[in-house]
Amino acid sequence: MSIAPQPADLQRLETILREVFKHDGFRPHQAQVCLSLAQGNDALLVMPTGAGKSLCYQLPGIARGGTTLVISPLIALMEDQVAQLQALGLRADRIHSGRDRMTSRQVCREYLSRQLDFLFVAPERLRVPGFPEMLAKRELALVAVDEAHCISQWGHDFRPDYRKLQERLPLLRPAPIVALTATATPLVQDDIVTQLGMTSGKRFIHGFRRSNLAVEIHKVAPKERPELIKKLLSQPGRLPAIVYAPSRKQTEELASSLSTSELRAEPYHAGMLNRERDAVQRRFIAGETDLIAATIAFGMGIDKANIRTVIHTALPQSVEGFYQEIGRAGRDGLPSRAILLQSFGDRRTHQWFFDKNYPPTSDLATLYKKLNAEPKASEDLKAAMRMDEELFANVLEKLWIHGGALVDADNQVCKGQPSWKKLYQEQRDYKEAQLGQIGRYVESAGCRMLGLIRYFGDQEDSAQPCGICDICAPTASIALQRRAVTKTEQQLLAQIIVALSAQDGLSTGKLHRDKLEKVMSRDRCDELLNALSQAGFVELTDETFEADGRTVRYHRVWLTAVGWKAASQPEQLERVELASITGKKKTLGRKRVETAVKKSYDLDEIEAPTGLVEALKHWRRKEAERVKAPAFHILGNSTLAEIAAKQPKNDSELLSVTGIGARKLDKYGAAILEIIASH
Ligand code: ADP
Ligand code: ZN
C-alpha cells in the first residue's frame, strides 16, 4: 500500500508546528523548505548550526504521514534527537551498533507494522544485507540524510559509508529525500545532489550572514601576536572568548600567558586526556573559565551562546573551517567579534605543511611502479626508494588510502589499482585550492562577511556589505589604532596620487613596480593605499585574469573624485589616517618560515630495552590483523620508535608522543603502557 501525499498548505503545516512541535512560528526559511518537502520534492538544505534544520525534516515527515527514515552519522546525535521527539509524544526509535540484536529486531517489527514516525539509522546499517530491502517493504514518508557533507570527499568530514548511500537510496524511492548540513561549499553541494540522485530538488542555502559578528583580519607578525591578543582581550566586554592556535604547544603557552587573577584561561587540544578536556569544556560553559585556547584541528562541539570574541592566532586551513570556528561567537545575537591575525609567512607555513603531507604524485608513482602481485616488505621498499622514514611512510599511506597499494598487517605491500592516481591528484588539488582560497579571502579588499557569504553560495542574501567588519567600518576595529600621517608619509601619499593621475586603474602590483619601487617597499605601498581607500581618495577593486588555466587575483586602484582633486591639492592628504595594530612597535618585516622541526625517531637508531621494540611490533601486528588494516595504520614506525625510546609511564606521557592523540590513547593506551611496564 502506498501513502498518497497529503495536500499540504502552509496553514496545515503551521497547525502541526504549533500543536505537535509547540513552536509559535517558523524561523526564517523553515516554511518554504517544509512546504516543498511536504509536497514531495527533494531538497538540499544548508543552514548554519542552530538555525533549526531538524524541524525541516521532522515537520514535513509528520505532514506526509508514515515513517521518516533519518540517516545520521553519530550515535550521540541520534540518541539526542530520538529523545527530543519522544518527549514531544512522537514515536521515534533508532538502530545502531550500540544496541543489541534483540532490540534492533523489535524496532524493525515496529517499523514494519507502521508504529514509527521516525526511524534513525547509521549509514553503515544500509550496507547490512537485507536491511534496505526490509525498509523497502513499506513506503517511506521521507528520507532525511543528516550531516550530508560527509558524503562528499570534498567535505571536511568525508565518510566512506555515506558514499555507498547512492547504491541504496533508489530502493527507498519514491520518498522525497532531504539532505541537511551546516557546511557545504558549492562544490560539496553539487556532489551531494549528484550522489543522492536528487533530481527534482531545490537547494535552500541560507542564513550564512551573521549580522552581529564583526570580522577583522589583520597582518601582524607572529612575534607580535601574543601581546596584541592580550591587549585585545583586556578590553571590556571581550570575554568569554576562544583563541584558536595551530599547535598544542601554542594553546598551552597562550593559556598560561593570558591567565591572570581576573582572567582564567585554559588550553584545549587533542593531546589532553578526555576527562581533562571535558572538565575544561564544562568550566567554560559554566562560566568558571573565561577563555579557551584551542587547536583548530580539534572539533569542539561547544554550545555556549554568549561567546563575545573568537581570535585566530594564525591563518586557518580553509575558509570553511574559519567560518565554522568564528560561528561559535555570538549565538545569543549580541554584538561579537572575530579577529584573524596573519601575515604572508603563514601561507608559506601552510605550503610547507602541504608539501610535506601531500607528496608529489610522481613520488607515489615511483613507488607504485616498484610494486607487483608478490608482497614486498615495506622496509625494503623504503630502502629502494631512498626516502627518509617520514616521507616514505607518507607516500605509502597516501598510495594505500587511494587504492594503489594493498598493505597487510605485517606491512607487506602489493600492487593495487591504477585508479589511485586520479583520486590522489583530485584530493591534492582540492587541498591546494583550499589554501589558495583562504589566502585570497584574507587578501580581498571587500567586506569580510560578504566574502564568506559568497563563498558558501548563499542565494537569497542581500549582497550588501555588513557595515561592521574592519573593511566596512575601519574606525570601529578593536585591533587597530589610528594616527595622523607624518610629513614624510604625506609626501609618499602624494606620489601615489600623482602616479595614478598619470595612469588610473593600474593593478596595485604594477603601480608599485613601475612607478614607486624606488621610493617605498611593496608592503608600505599597500599600507598607504589602504589608508587612501579608507579616507575615500581611491577605490580598490578585486580583479581576476586567467593564465595557464588558473585564475589569478589582484587589486586595481582607481582615483575617486576627491582623489583627482588631491592631485592638484596635496594638502588635502593631511586628513588621511594610518591604521596601526594596537600596541605594535615596528612595521612588519620579512620573516623566515617558522616551522618547528620535530625530532623524528628511527627504529634502527633508537636505544631501548631489549625486546621492547619487538614486543611493540608484535602487538601492533596482532592489532592490525584484528582490524584488518596495515600495521602503519595502527602506529607509524616513527611513533613506535619514539614510544620505545621514551618509554612513557602514564597516559599523559604517552600523549606527548608525536602521533598519539586522544583517540589512539583511548584505543591503545592501556595495551602499550602494559607492554612498556613489563619491560
Ligand atoms: P540545527 O540542526 O540547524 O543546528 P536545530 O534543529 O537543532 O538546529 O534547532 C536549534 C534549536 O532551535 C532547537 O532547540 C529547536 O528546538 C529550536 N527551533 C527550531 N525551529 C524553531 C522554531 N520555529 N521556533 C522556535 N524554536 C525553534
Ligand atoms: Zn563588512
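Order of appearance sets the numbers: ligands from 1, and atoms from 1 within every ligand. Since the model is a prediction, treat every value here as computed from it, not as a measurement.
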Would a search of protein heavy atoms around atom 19 (C) of ligand 1 find one under 4.0 Å away?
-> yes
When only distance counts, is G52 in polar contact with ligand 1, meaning an N/O pair under 3.5 Å?
-> yes
Are L529 and L511 side-chain neighbours, meaning at least one heavy-atom pair lies under 4.5 Å?
-> yes
In the protein, which heavy atom is nearest to atom 1 (P) of ligand 1, and how far is it?
-> G50 N, 3.4 Å
Do L573 and L532 touch side chain to side chain, with heavy atoms closer than 4.5 Å?
-> yes
F26-ligand 1 polar pair, N/O distance under 3.5 Å = no
For G25, the ligand 1 atoms with a heavy-atom partner under 4.0 Å come out as 22 (C), 23 (N), 24 (N)
Protein heavy atom under 4.0 Å of atom 22 (C) of ligand 1 = yes
Find out whether L119 and V70 are in side-chain contact, i.e. whether some heavy atom of one side chain is under 4.5 Å from a heavy atom of the other.
-> no
Any side-chain heavy-atom pair from T309 and L239 closer than 4.5 angstrom?
-> no
Report yes if the side chains of T508 and C525 come closer than 4.5 Å at any heavy-atom pair, otherwise no.
-> no
Of the backbone atoms (N, CA, C, O) and the side-chain heavy atoms from C-beta on, which set of R27 has a member under 4.0 Å from an atom of ligand 1: side chain, backbone, both, or neither?
-> both
Angle subtended at the Zn ion (ligand 2) by C469 SG and C472 SG, rounded to 10 degrees = 110°
So do the side chains of D190 and R203 get within less than 4.5 Å of each other, counting heavy atoms only?
-> yes
Within reach of ligand 1, part of M47 (heavy-atom separation under 4.0 Å) | neither
Hey, is P48 touching ligand 1 through its side chain, its backbone, both or neither, going by heavy atoms under 4.0 Å?
-> backbone
What is the ring orientation for F456 with F208, classed by angle as parallel under 30°, tilted 30 to 60°, or perpendicular over 60°?
-> parallel
Does some non-hydrogen atom of the protein lie less than 4.0 angstrom from atom 14 (O) of ligand 1?
-> no
Can you tell me the protein heavy atom closest to atom 7 (O) of ligand 1 and the distance?
-> S54 OG, 3.9 Å
Do R225 and T313 have side-chain atoms, one donor and one acceptor, less than 3.5 Å apart?
-> no
Of the choices K22, Q84, H23, which has the non-hydrogen atom that lies closest to atom 26 (N) of ligand 1?
-> H23
Is any side-chain heavy atom of F204 closer than 4.5 Å to a side-chain heavy atom of V46?
-> no
